[in-house]
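See below for the structure under consideration.
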Amino acid sequence: MVETKNLSVNYGKSEILHGISFSAEKNEITTIIGNNGCGKSTLLKAVTGILPHTDGEIYIGGNPITKLTPPERARLTAYLPQGKNTPDITAGRMVLHGRFPYLSYPRKYKKEDYEIAEDAMEKMGISELADKPMAELSGGTRQKVYIAMALAQHSPIILLDEPTSYLDLKQQMKFLRIARELAETGKTVILVLHDLLFTLKISDRVCVMENGRMIMQDTPENVLHSGILRKLYGIEVRTLDTACGTQYYYQF
């Protein structure tokens, strides 16, 4: 579980997040939405301890983040940022980086680490790319490697910022199925997404941000019927009941 209470974060002298109280439960997918620049990525960075907070509290698994060492935070939270550099290593080595928080001195990977990394690559359908340099992979394939790295971390809390970027529709659907499976195995899954239709379909809880504030946290159905999506994005999202369940579509 992740929880923040009255959380504020500054960049320099400017306050970016203003008194955010937010929670995400295990066994659930919590998705954060909002227009560009509203503070979604900043919130994830604060929760992981990458950005210091100026006020309020952050709890990871019930523990104040200030009481956790960096290795403890890394074992509890797997974080995939939106913008990532392309390192000069192979895809397999990149995925193995997810095991780094578990290494003790001397820092050598064990058989278990390799097996976990291989399993994560298999889940993402990239096992055959283990020896391929990251620089030679397409943007979509690199994204699958980064997701596999997050999966290999085996953390109870997974925070992914725009994880479906660069993925084609088939791969987006595959990732969303994986996210659902992770939640069902007891993990806390927190996503930042721009695709409202995916958000409504996959999420247990939707958190809406605007101008550095959390303005709504509720079920997808309640968020949809609140009118807040029309207010933020200027579009209507409609539902259609089908044999495969409720489907969502835009009405412009």
Main chain of [Y], side chain of [X]: is a donor-acceptor contact present, judged purely on distance under 3.5 Å?
| X | Y | result |
| --- | --- | --- |
| Thr54 | Ser8 | yes |
| Arg205 | Glu28 | no |
| Ser21 | Asn6 | yes |
| Tyr59 | Met1 | no |
| Arg99 | Ala152 | yes |
| Gln153 | Ala74 | yes |
| Asn222 | Thr219 | no |
| Thr141 | Leu137 | no |
| Thr90 | Lys132 | no |
| Glu72 | Thr69 | yes |

Residue pair Glu236, Arg230: steps toward the salt bridge (charged side-chain N to carboxylate O under 4.0 Å, His left out) verdict: CA-CA 6 Å; Glu236 296 281 354; Arg230 180 174 64 252; 3.1 Å; yes

Can you tell me how far [atom2] of [Y] sits from [atom1] of [X], rounded to the nearest 0.5 angstrom?
| X | Y | atom1 | atom2 | answer |
| --- | --- | --- | --- | --- |
| His154 | Asp113 | NE2 | CG | 10.0 Å |
| Phe198 | Leu193 | CZ | CG | 9.0 Å |
| Ile147 | Leu167 | CD1 | CG | 5.0 Å |
| Leu76 | Ser155 | CG | OG | 7.0 Å |
| Lys123 | Lys144 | NZ | NZ | 15.5 Å |
| Lys111 | Ile116 | NZ | CD1 | 12.5 Å |

So Gln82 and Lys40, side-chain contact (heavy atoms from CB on, under 4.5 Å) or not? Walk me through it. CA-CA 11 Å; Gln82 185 175 6; Lys40 303 184 296 296; over 6 Å; no

Using every non-hydrogen atom in the two residues, find where [X] and [Y] come nearest and quote the distance to one decimal.
| X | Y | value |
| --- | --- | --- |
| Ile202 | Ala179 | CD1-CB, 4.1 Å |
| Ser127 | Glu118 | OG-O, 4.3 Å |
| Arg73 | Thr48 | NE-O, 3.3 Å |
| Ala148 | Ile126 | CB-CD1, 4.1 Å |
| Met209 | Leu232 | O-CD1, 4.3 Å |
| Ala150 | Leu160 | CB-CD2, 4.1 Å |

Does the side chain of [Y] come within less than 4.5 Å of [X]'s, by heavy atoms?
| X | Y | value |
| --- | --- | --- |
| Ile190 | Phe22 | yes |
| Ile32 | Leu43 | yes |
| Ile50 | Tyr79 | yes |
| Met216 | Val223 | yes |
| Thr239 | Tyr249 | no |
| Ile16 | Asn10 | no |
| Arg142 | Met134 | yes |
| Leu151 | Asp119 | no |

Residue of the set Ile158, Ile157, Leu68 for which side-chain contact (heavy atoms from CB on, under 4.5 Å) holds with Thr77: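 Between Thr77 and the candidates, side-chain contact (heavy atoms from CB on, under 4.5 Å) is satisfied uniquely by Ile157.
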
Do [X] and [Y] sit in one hydrophobic cluster, given that two such residues count as connected whenever their side-chain heavy atoms are within less than 4.5 Å of each other, even indirectly?
| X | Y | answer |
| --- | --- | --- |
| Leu96 | Ile89 | no |
| Leu182 | Val145 | yes |
| Ile33 | Leu191 | no |
| Met121 | Tyr109 | no |
| Val237 | Leu176 | no |

State whether Arg93 and Asp131 are salt-bridged, where the test is any N-O pair (Lys NZ or Arg NE/NH1/NH2 against Asp/Glu carboxylate O) under 4.0 Å.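 No, Arg93 and Asp131 are not salt-bridged.
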
What I want to find out is whether Lys231 reaches Glu210 closely enough, with some N-O distance under 4.0 Å, to be called a salt bridge.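 So Lys231 pairs with Glu210 through a salt bridge.
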
Evaluate the side-chain contact (heavy atoms from CB on, under 4.5 Å) criterion for residues Gln217 and Met214: first the C-alpha distance (whole Å), next the side-chain angles of each, then the deciding distance (0.1 Å), finally the verdict. CA-CA 8 Å; Gln217 302 177 64; Met214 191 70 71; 3.6 Å; yes

Salt bridge (charged side-chain N to carboxylate O under 4.0 Å, His left out): pairs with one or both residues in residues 153-169, sequence neighbours excluded: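 Non-adjacent pairs meeting salt bridge (charged side-chain N to carboxylate O under 4.0 Å, His left out): zero.
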
More than 12 non-hydrogen atoms from neighbouring residues, nucleotides or ligands closer than 6.0 Å to [atom1] on [X], yes or no?
| X | atom1 | value |
| --- | --- | --- |
| Gln247 | CD | yes |
| Lys26 | NZ | no |
| Tyr166 | OH | no |
| Gln251 | CD | yes |

Does the side chain of Asn36 pick up a donor-acceptor pair with the side chain of His194 at under 3.5 Å?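 Asn36 vs His194: donor-acceptor pair found between side chains.
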
Begin with the C-alpha distance, continue with both residues' side-chain angles, and end with the deciding distance and a verdict on side-chain contact (heavy atoms from CB on, under 4.5 Å) for Leu196 and Tyr248. CA-CA 9 Å; Leu196 297 180; Tyr248 302 91; over 6 Å; no

Would Cys207 and Thr30 satisfy side-chain contact (heavy atoms from CB on, under 4.5 Å), going step by step from the backbone distance to the final call? CA-CA 7 Å; Cys207 300; Thr30 299; 3.7 Å; yes

